[in-house]
*Asks:* 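Let me give you the structure first, and then I'll get to my questions.
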Amino acid sequence: MRLPLIVLTGFLFSVCSFALAKAPVAVETIAPLEDLVLESDQQLERLEKLLETEESFTKAKDGDVRQGFGLLACLGQAIAEHTSHADTEIQGPALRDAALKFSKKSTYDEAKATLEEVKVAHSGKATGEHAVEHPWNKLINMHPMMEEMNSRNSALLKVIKRPRGKADEPMHATTWAILALAMHADTHEVKNEADIPKYHEFSDSFRTAAIHLAEAIRKKDKAEAQKWFDTANESCDACHEVFKH
């Protein structure tokens, strides 16, 4: 049976949209919910400090502020898809939608309003409709994503040097892995469609290394952690060499 073209096109668009709206691997295989909640808590505190004054906001708007809201959008989506999402009061889809309201053009007052919406979703009091599905390549732009990844290097090196078993120590590695999901989905830097599998190979290698790094940190295994830290950075360097981000 041949479907009318308009019906077939709509069906294919729906299927493709759904495929794009899910992480390439189950979020719970990447990070425990506790890590996502802890990172969300810390990002909220980070943004509150950055938005204390218009001066502090202006200085950090294109850097830490943009990165913080972008990361919260990713964390919101990760919580939304996590099988244990009901174990936290954070409303993942609402957190994502609130964080996405920040843009490079946002004024100080607009950023403050966005932060208030983020806080409402974070406390579990958001209202309205917020779909669980959302494209991972529409959560954070490539530049702030890369800057946020880079910002974790020094923190991870400190942890690897002297792991103490604290709850927040693996968090930087699992955040790497979550951001790698957005990186996997964002292929706009790949100019030749035939190179997309190679790009995915790099992003998946980075994600896998980040997951193993978090596991090694939990076990306080310094040698294993250093190995996976180096592997993750090697994947980054190789990807940048080929795709020139």
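What you are looking at is a predicted structure, and each value in this text was computed from that prediction instead of being measured. Index from 1, following the sequence.
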*Asks:* Could you tell me which non-hydrogen atom of G68 sits nearest to which non-hydrogen atom of L47, and how far apart they are?
*Replies:*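 Where G68 meets L47 most closely, the heavy atoms are C-CD1, 4.0 Å.
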*Asks:* Is a side-chain donor or acceptor of E148 paired with a backbone partner of P144 at a separation under 3.5 angstrom?
*Replies:*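 A pair under 3.5 Å: no.
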*Asks:* Do the side chain of K61 and the main chain of K104 share a donor and acceptor less than 3.5 angstrom apart?
*Replies:*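 Yes: the side chain of K61 pairs with the backbone of K104.
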*Asks:* Going hydrophobic residue to hydrophobic residue with side-chain gaps under 4.5 angstrom, can you get from L115 over to V120?
*Replies:*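 Shared cluster, no.
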*Asks:* Salt bridge or not between K198 and E201? Use side-chain N to carboxylate O under 4.0 Å.
*Replies:*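 Looking at K198 and E201, the cut-off is met.
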*Asks:* Would you call K59-E55 a salt bridge at under 4.0 Å N-O?
*Replies:*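 Salt bridge between K59 and E55, a charged N being under 4.0 Å from a carboxylate O: yes.
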*Asks:* Can you name the residues that form a salt bridge (Lys or Arg N to Asp or Glu O under 4.0 Å) with R207, not counting sequence neighbours?
*Replies:*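 By the salt bridge (Lys or Arg N to Asp or Glu O under 4.0 Å) rule, R207 matches D204.
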*Asks:* Side chains of T231 and H212: closer than 4.5 Å at any heavy-atom pair?
*Replies:*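 Counting from C-beta outward, T231 and H212 never come under 4.5 Å.
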*Asks:* Rounded to the nearest 0.5 Å, how far does CG of N137 lie from CG of L139?
*Replies:*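 Nearest 0.5 Å value for the CG-CG distance: 8.0 Å.
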*Asks:* What is the distance from atom CG of L72 to atom CG of L95, rounded to the nearest 0.5 Å?
*Replies:*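 It comes to 5.5 Å.
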*Asks:* With a 4.5 Å cut-off on side-chain heavy atoms, are C74 and L181 touching?
*Replies:*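 Not in contact.
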*Asks:* To the nearest 0.5 Å, how far apart are CD in E147 and CZ in R66?
*Replies:*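 So the gap between those two atoms works out to 10.0 Å.
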*Asks:* Quick one, H200 and I196 - any side-chain contact, counting heavy atoms below 4.5 Å?
*Replies:*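 H200 vs I196: side chains touch.
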*Asks:* Less than 4.0 angstrom from a charged side-chain N to a carboxylate O is my criterion; do K119 and E48 meet it?
*Replies:*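 Result for this pair is yes, salt bridge flagged.
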*Asks:* Kindly indicate whether the side chain of W176, heavy atoms from C-beta on, has any atom under 4.5 Å from the side chain of L213.
*Replies:*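 A side-chain contact under 4.5 Å exists here.
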*Asks:* Write down the atom of A99, the atom of A73, and the distance for their closest heavy-atom approach.
*Replies:*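 Minimum heavy-atom separation between A99 and A73: CB-N, 3.7 Å.
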*Asks:* Donor-acceptor pair, distance only, cut-off 3.5 Å: does the side chain of E54 make one with the backbone of Y108?
*Replies:*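 A pair under 3.5 Å: no.
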*Asks:* Show your reasoning for whether salt bridge (Lys or Arg N to Asp or Glu O under 4.0 Å) applies to R218 and E34.
*Replies:* CA-CA 13 Å; R218 290 183 211 285; E34 293 78 10; over 6 Å; no
*Asks:* CD of E28 to CG of L36: how many Å apart, nearest 0.5 Å?
*Replies:*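 The CD atom of E28 sits 10.5 Å away from the CG atom of L36.
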*Asks:* To the nearest 0.5 Å, what is the distance between NE2 on H172 and CD1 on I217?
*Replies:*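 Output value for this atom pair is 8.5 Å.
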*Asks:* State, to 0.1 Å, how close A126 and A94 come at their nearest heavy-atom pair, and which atoms those are.
*Replies:*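 Taking A126 first and A94 second, the nearest heavy atoms are CB-CB, 3.6 Å.
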*Asks:* Is M146 linked to F229 within one hydrophobic cluster, defined over Ile, Leu, Val, Met, Phe, Trp and Tyr using a side-chain heavy-atom separation of less than 4.5 Å?
*Replies:*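 M146 and F229: one cluster.
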*Asks:* Once side chain to side chain donor-acceptor pair (under 3.5 Å) is applied, what residue pairs with a partner in residues 121-130 remain, sequence neighbours excluded?
*Replies:*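 Sorted pair list: D41-H122, D97-H130.
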*Asks:* Could you tell me whether the side chain of E39 reaches within less than 4.5 Å of the side chain of T174, counting heavy atoms only?
*Replies:*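 T174 does not reach E39 side chain to side chain.
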*Asks:* Does NZ belonging to K161 count more than 12 external heavy atoms closer than 6.0 Å?
*Replies:*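 It does not: K161 NZ has 12 such atoms or fewer within range.
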*Asks:* Locate the shortest heavy-atom distance separating S235 from S205; write the atom from each residue and the value.
*Replies:*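 Taking every non-hydrogen atom into account, OG-OG, 2.8 Å.
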*Asks:* Determine whether a donor-acceptor pair (N or O, by modelled atom type, separation under 3.5 Å) exists between the side chain of R96 and the backbone of I79.
*Replies:*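 Such a contact is absent between R96 side chain and I79 backbone.
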*Asks:* Might you work through the side chain to side chain contact (heavy atoms under 4.5 Å, CB included) test for D109 and F57, ending with a clear yes or no?
*Replies:* CA-CA 10 Å; D109 289 338; F57 165 73; over 6 Å; no
*Asks:* Taking A194's backbone N and O only, do any of them form a donor-acceptor pair with N192's side chain (distance below 3.5 Å, no angle check)?
*Replies:*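 The answer is yes, because a donor-acceptor pair under 3.5 Å joins these two groups.
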*Asks:* If hydrophobic clusters are built by linking Ile, Leu, Val, Met, Phe, Trp and Tyr wherever their side-chain heavy atoms come under 4.5 Å apart, do L179 and V25 end up in the same one?
*Replies:*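 Yes, L179 connects to V25 through the hydrophobic network.
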*Asks:* Under the criterion side chain to side chain contact (heavy atoms under 4.5 Å, CB included), I'd like the reasoning laid out for T83 against V27: C-alpha separation, chi angles, the key distance, then a yes or no.
*Replies:* CA-CA 8 Å; T83 53; V27 173; over 6 Å; no
*Asks:* At their closest point, which heavy atom of I178 faces which heavy atom of W136, and how far apart are they?
*Replies:*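 Reported closest heavy-atom pair: O-CZ3, 3.8 Å.
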*Asks:* Under a 4.5 Å cut-off applied to non-hydrogen side-chain atoms, are H184 and F206 in contact?
*Replies:*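 No; the side chains remain at least 4.5 Å from each other.
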*Asks:* Which residue pairs pass the ring pair (Phe, Tyr, Trp, His ring centres under 6.0 Å) test when at least one of the two sits in residues 74-101, sequence neighbours left out?
*Replies:*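 Matches after skipping sequence neighbours: none remain.
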*Asks:* Any side-chain heavy-atom pair from Y199 and M183 closer than 4.5 angstrom?
*Replies:*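 SC-SC contact between Y199 and M183 confirmed.
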*Asks:* Contact between Q43 and R46 at the side-chain level, heavy atoms closer than 4.5 Å - yes or no?
*Replies:*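 Sidechains of R46 and Q43: in contact.
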*Asks:* Nearest 0.5 Å please: distance from the SG atom of C236 over to the CG atom of N153.
*Replies:*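 These two atoms lie 8.0 Å from each other.
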*Asks:* Answer with yes or no whether the hydrophobic clustering places L44 together with V65; edges join I, L, V, M, F, W, Y residues whose side-chain heavy atoms lie under 4.5 Å apart.
*Replies:*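 Same hydrophobic cluster.
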*Asks:* Is the shortest distance from a Lys or Arg side-chain nitrogen in E224 or K219 to a carboxylate oxygen in the other one below 4.0 Å?
*Replies:*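 Salt bridge flag = no for K219 with E224.
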*Asks:* Within the side chain of S56, is there an N or O that forms a donor-acceptor pair under 3.5 Å with the backbone of L50?
*Replies:*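 Between the backbone of L50 and the side chain of S56 there is a qualifying donor-acceptor contact (under 3.5 Å).
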*Asks:* Strictly distance-based, threshold 3.5 Å: is any side-chain N or O of E169 a donor or acceptor partner for the main-chain N or O of R164?
*Replies:*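 Judged by distance alone, yes, a pair lies under 3.5 Å.
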*Asks:* Could you walk me through whether I90 and L75 pass side chain to side chain contact (heavy atoms under 4.5 Å, CB included), step by step?
*Replies:* CA-CA 10 Å; I90 298 174; L75 292 167; over 6 Å; no
